[in-house]
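Take a look at the structure set out below.
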Number of protein chains: 2
Amino acid sequence: MEFKEAKNKFVQTWGALGSQWGINKTMAQIHALLMVSNEPVSMEDIMEELQISRGNASMNLRGLMDWGIVYKEFKAGERKEFFTAEKDLDELAVKISRERSKREIKPTLKILKEVSTIEAKDSAEEKHFVDQTTKLYDFVLKADNMLDKITEFNDNWLGKLFIKMMK
Amino acid sequence: MEFKEAKNKFVQTWGALGSQWGINKTMAQIHALLMVSNEPVSMEDIMEELQISRGNASMNLRGLMDWGIVYKEFKAGERKEFFTAEKDLDELAVKISRERSKREIKPTLKILKEVSTIEAKDSAEEKHFVDQTTKLYDFVLKADNMLDKITEFNDNWLGKLFIKMMK
DNA sequence: TTAAACTTTCAAAAATAATTGAAAGTTTGT
DNA sequence: ACAAACTTTCAATTATTTTTGAAAGTTTAA
């Protein structure tokens, strides 16, 4: 396999994976492209490589920057903007974890708290509901706290998590 | 908040969350409904509660069974089928992890292996590509192995993971 | 201050995904 | 073997999401 083919395959694969995780295909593809580029890429180049419109590129780049995993760069003497991706994978994982926690897990916990604390009356049905949503709340909370812990460290985080938890 | 309202809120929330994770809304809603039901639910009841068509219910139930997190049940004397969800949350997490690994991570690893082992010539661009995709491969592999480990156990898995890894 | 070079926005269009419902399929009891 | 009771399938429809492209906005240099 030659370079161009490999790069394309990687970008396509990463894009397809993105869809399965609720991230739109183009956004994931742009991210993939930037991840494997050794130098900052202009919007023009992104449009060209992925065959997408200017508006599309602009919006998805903004999305990636909101996630904190793509940065704007400026080149001396150049007026246009360039973009780079976070390339450190531990850092990438940390950013994604933090953001998903903030956007999805925290709001879900809030709702779970609400619904699990209703007055449970006497019916088995209602008791089961309260019981199950309470368990769910505890489970999600535990999982989220673990993510928090993980993101406190940067490399070899599992090892360090160990130590932290043994205290 | 009264029971019916709480139940509805939970089902809606779980459904919305599903979309963000690449699972379709109805599938997540059915799952939510079954999770908090203390007894098996018929297709008829699911259709009624979620206001969806028979075809929709049928297809999404099948999807949930493919994930291994919803089961068919038969009631004595009843011709029709009933459904229940896996309610043990550790077990649920294990099932989802295994399935995502099989469906998404393993195929991705295969591609990452392929693209990271191209002949890297001498350009900095190609070298960076190989370097970055190799790191990605290692990272994803490590993450997947961790999931594997986690799924070997059933409850208190984090504690047991500890023990296993200390050996 | 003007205009060139660039980016963002957003309504409309296109693409994709989910849903319906009725016909076809299956199973069970008589 | 029949038919009642149920489930599955899938082409057509509907809903949702993504993409486009041109107008509006912004920044910089002269």
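In this text the structure is predicted, and so the values were computed from the model without any measurement. Within every chain, numbering begins at 1; the chains are lettered A, B, ... in the order of the sequence lines, protein sequences first and strands thereafter. We use all heavy atoms of the structure for the numbers below, so side chains are in, but hydrogens, waters and symmetry mates are not.
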Quiz item: Just wondering, do W67(B) and H31(B) contact through their side chains at under 4.5 Å, heavy atoms?
Solution: no
Self-check item: Between P of dT28(D) and CD of E81(A), the distance in whole Å
Solution: 10 Å
Quiz prompt | Distance in angstrom units between E78(A) CD and dT28(D) P, rounded | solution = 14 Å
Quiz prompt | Segment of DNA chain C, first to last nucleotide, that comes within the 4.0 Å heavy-atom reach of chain A | solution = dA4(C) to dC10(C)
Quiz item: Salt-bridged, K80(A) to E44(A), with N to O below 4.0 Å?
Solution: no
Exercise. Please check if atom CZ in R103(B) has more than 12 non-hydrogen atoms from other residues, nucleotides or ligands closer than 6.0 Å.
Key: yes
Practice problem: Would you indicate whether the side-chain heavy atoms of I52(A) and I30(A) approach each other to under 4.5 Å? | Solution: yes
Exercise. Please indicate whether K25(B) has more than 12 foreign heavy atoms, meaning atoms of other residues, nucleotides or ligands, lying under 6.0 Å from its NZ.
Key: no
Quiz item: What is the distance, rounded to the nearest whole Å, between atom CE of M43(A) and atom P of dT27(D)?
Solution: 15 Å
Quiz item: Contact class for R54(B) (heavy atom, under 4.0 Å): base, sugar-phosphate, or nothing?
Solution: base
Practice problem: Return the 5'-most residue of the pair M59(B), R79(A) with respect to DNA chain D, ranking by each residue's nearest nucleotide. | Solution: M59(B)
Practice problem: For N24(A) and dT16(D), give me the distance from atom CG to atom P, rounded to whole Å. | Solution: 18 Å
Quiz item: Counting distance only, does the side-chain N/O of K95(A) pair as donor-acceptor with the main-chain N or O of G68(A) below 3.5 Å?
Solution: yes
Quiz item: At under 4.0 Å, does any side-chain N or O of N60(A) touch on OP1 or OP2 of dT18(D)?
Solution: no
Practice problem: Check every strand shown and say whether N56(A) touches a base, only sugar-phosphate, or nothing at a heavy-atom separation below 4.0 Å. | Solution: base
Practice problem: Decide, yes or no, whether a salt bridge links D131(A) with K135(A) under the criterion of side-chain N to carboxylate O below 4.0 Å. | Solution: yes
Exercise. Write down the distance between CZ (R62(A)) and P (dT18(D)), rounded to a whole number of angstrom.
Key: 16 Å
Self-check item: Residue mapping more 5' on DNA chain C - nearest nucleotide basis, K25(A) or F83(A)
Solution: F83(A)
Self-check item: M27(A) CE to dT18(D) C1', straight-line distance once rounded to whole Å
Solution: 13 Å
